[in-house]
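Heads up: the structure comes next, in structure tokens.
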Amino acid sequence: MIYLDNSATTRVCEDAVRKMETCMREAYFNPSALYGPSLEVRNEINRLREDLLRLVHCPEGRVVFVSGGTEADNLAVLGGTASFRDGKILCFGGEHPAVKEACKAARGLQCEWIPLLRDGMADLKALEGMMDPSVRLIAVMQVNNETGAIQPLEEIGRLRDRLCPGALFHVDGVQGFLRVGMDMKACGADSYALSSHKIHGPKGCGALIVRKETRLAPVQVGGGQEGALRSGTENVPGILGMGAAIRAWKGAEGIRLNKESLYLGLKESGLDVRVNGPDPLSPLSAPHILNVSLMPVRSETMLHALEGEGILIGIGSACASSKQRISDTLKAMGIPRPQAECALRFSLSPETTREEICQTVAAVERQYAFLSPFQRR
Amino acid sequence: MRNLLLVRYGEIYLKGLNRPYFLRTLVSRVRQAVADLGGKVWLHDARIFVSGCEDMDECVRRVCRVFGVHSVCPAIEMEKDDFDAVLEQAARMMSGLEGTFKVEARRSDKHFFLDSPSINAKVGEYVLDHTDGRLRVDVKKPDHVLSVEVRDHVYMYVRVIMAVGGMPVGTGGKAALLLSGGIDSPVAGYMIAKRGVELIAVHYYSFPYTGPQARQKVLDLASILSGYCCGIKVFVVPFTEIQMEIHAKCPDEYTTLIMRRYMMRIAERIARKEGAQALVTGESIGQVASQTLEALTVTDSVVDMPVFRPLIGFDKIDIIHEAEKIGTYETSCLPYEDCCTVFTPRHPATKPKMEKILEGEEKLDSERLMEAAVNAAEVLTL
């Protein structure tokens with residue numbers, strides 16, 4: 001099987017599996033307990049906190065371990081705006097539902113959507129016009145989960161500093177973490193959400209990294225763990241499994257080369273390839289996501305046909321794909337409906353091999369030749 | 001003393017000499033429905049009894065879905081020779097209730113020492129005396145009826161739960177249902193099965209145009225129907241090759257109708273192999289282009305067995321209500337494309353011309369295509 005849906009989730013790497021097994025069999029202690037073995041567990045979790053803060057250039061910040069990207073986003077948005085009763089939130093129009101729905105749920109605050117340009121990037125001119133001192137929070141993802149468009153976070157941070165310095169800036173890094181560098185200091189982000197299962201770690205774990213001075217209210221209360229920002233006994237196997245996956249991460253350069261080969265392979269095959277997102281060869285495109293429409297073959301048809309050949313791909317956000325409608329992101333980008341109906345998302349990981357890419361190109365070519373004459377007229 | 005279910009049947013009462021056959025079938029259907037709950041089922045004195053189920057609520061739920069069952073009463077079985085115990089049990093059963101009540105005794109054991117009016121009077125009096133004045137007697141329009149049936153034992157119950165009715169599956173022959181995954185066909189299947197007809201289901205699978213989730217959706221629907229039908233055999237027929245051939249060689253506006261004709265032909269072949277005598281579809285006049293009178297005539301003309309369309313005069317909203325009632329609506333609404341809509345033309349013919357259809361079909365190697373599809377069908381029993 002060739003797995004090219006790594007933006008939906010990834011295989012848990014061996015290091016993470018081993019670490020989790022040790023946690024469950026041997027180091028199963030509650031980190032809050034007072035005896036020695038639990039202190040060792042706590043120290044190991046704290047070492048991971050330090051590593052994470054270094055990775056995202058936020059040395060003075062706090063790491064709150066949570067159950068995944070959705071919870072991290074909810075905590076940032078709802079916890080960050082809890083003390084406000086009026087004002088507005090500016091949310092990127094291509095944002096994941098974890099952020100969009102949290103923004104809509106923030107009580108008393110009005111939500112405005114930052115428009116997208118045709119290549120999937122945030123429209124900075126429009127954003128500038130939307131900013132004023134009543135803005136309480138700006139939420140923009142680091143990498144769009146469907147198109148792979150890397151958002152201009154530093155420019156957004158600068159605009160915030162100039163036009164609404166009181167607003168919090170939250171970045172969803174679920175698709176960006178490790179695959180694209182993150183510098184919270186440089187872009188002025190107040191919080192950064194990441195998820196373990198997108199980087200070969202286990203499901204059920206993630207983190208919200210928060211700048212030291214950023215005030216958040218907890219969304220989940222109880223025993224006061226995680227600096228009272230996320231009560232509940234820590235998911236030690238998940239957290240340390242994620243840590244093992246981060247340490248085993250092989251870097252993004254190999255992924256980018258494979259993605260470019262995939263794109264060029266499809267293009268050179270003579271198929272009607274239309275890119276949904278930034279130019280896949282440009283630095284604005286994330287190294288692991290390629291979103292293309294192979295006209296006129298519809299997304300689901302090609303997905304199933306490739307599945308028949310043992311190749312698994314995605315057609316959009318896995319979290320929303322059961323709703324079977326045109327992707328909101330592609331619609332917001334102004335992609336025509338027939339093109340959006342044919343959108344395919346190939347997402348790679350460091351485990352993807354060159355040979356798998358070659359086999360995929362050949363399979364797509366084969367299926368395209370078979371299917372393209374038989375589409376709804 | 002023990003808890004059991006007293007199951008009452010409906011229309012079977014109207015049967016004459018063949019009533020035992022219908023009853024035997026019904027008992028066997030009830031037995032099938034509760035088999036994995038450890039239930040024991042027997043027929044005695046015009047009632048079906050179910051005992052021994054650990055989960056009585058689940059048992060009630062399942063028996064209520066057996067076609068042929070009119071109603072189900074969770075009852076207490078008592079020995080006949082201890083009438084004092086019967087009275088005490090009656091008071092216990094009524095103790096949590098308020099308002100008006102009456103006692104309704106039936107006595108098939110004519111040797112019992114009290115006749116029905118006397119049982120009513122004695123039990124009623126005892127209940128009144130032992131329920132702290134929270135109950136009054138009203139024999140005309142009571143809030144609660146305590147039924148006391150004197151048979152081989154005394155059976156007492158207050159609750160009567162209405163069941164689905166109909167006739168036991170298997171007593172009305174066998175038919176093949178064309179099951180698409182939409183809202184209509186499961187309802188059509190339910191209605192025919194309710195009249196005692198055993199169903200097999202035929203589903204057309206258009207991989208890769210429809211995927212495993214669409215297939216699973218149909219199996220889930222079949223599984224819901226199976227809960228009523230005591231099992232259903234599903235034939236998943238690969239249909240892509242036929243659809244592609246039609247798409248490539250037949251006039252655009254006729255592709256849906258020609259496709260429907262092949263579906264009917266294949267379903268008839270499977271039906272005959274399985275000993276089924278009719279086809280069932282979820283069509284309703286005018287709902288879509290392939291369901292005009294002219295179009296239905298064209299699809300009917302390819303088969304030599306009766307085609308039942310129980311929804312033919314239903315409005316969509318009525319079909320939706322039925323689907324909600326039988327529990328298929330939510331599954332039917334899952335948004336996976338089904339085989340019927342994969343190649344829908346923009347302007348399908350609503351008043352088709354037979355010669356055009358025959359002209360299109362002549363271009364296809366029909367026999368080979370249909371034989372291949374029937375032979376490759378996957379068969380699942382749910």
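All values below were derived from every heavy atom in this structure, side-chain atoms included, with hydrogens, water molecules and symmetry-related copies excluded. Order of the sequence lines fixes the chain letters, A, B, ..., with proteins taken first and strands second; residue numbering starts at 1 for each chain. All figures in this text were calculated on a predicted structure; none of them were measured in a lab.
Smallest separation of non-hydrogen atoms from Asn276(A) and Ala343(A): ND2-CB, 3.6 Å.
Contact annotation for residues 302-311 of chain A against chain B (heavy-atom separation below 4.5 Å, listed by residue number): His304(A), Ala305(A), Glu307(A), Gly308(A).
A search for side-chain contact (heavy atoms from CB on, under 4.5 Å) contacts involving Cys342(A) returns Ser293(A), Met295(A), not counting sequence neighbours.
Using modelled atom types and a 3.5 Å distance limit, the side chains of Gln175(A) and Ser7(A) yield a donor-acceptor pair. Between the side chains of Thr352(A) and Glu356(A), no donor-acceptor pair of N or O atoms lies under 3.5 Å. Remark: the Tyr262(B) side chain and the Ser366(B) side chain contain an N/O donor-acceptor pair separated by less than 3.5 Å.
Side-chain contact between Tyr3(A) and Ser347(A) is absent, with no heavy atoms from C-beta onward closer than 4.5 Å.
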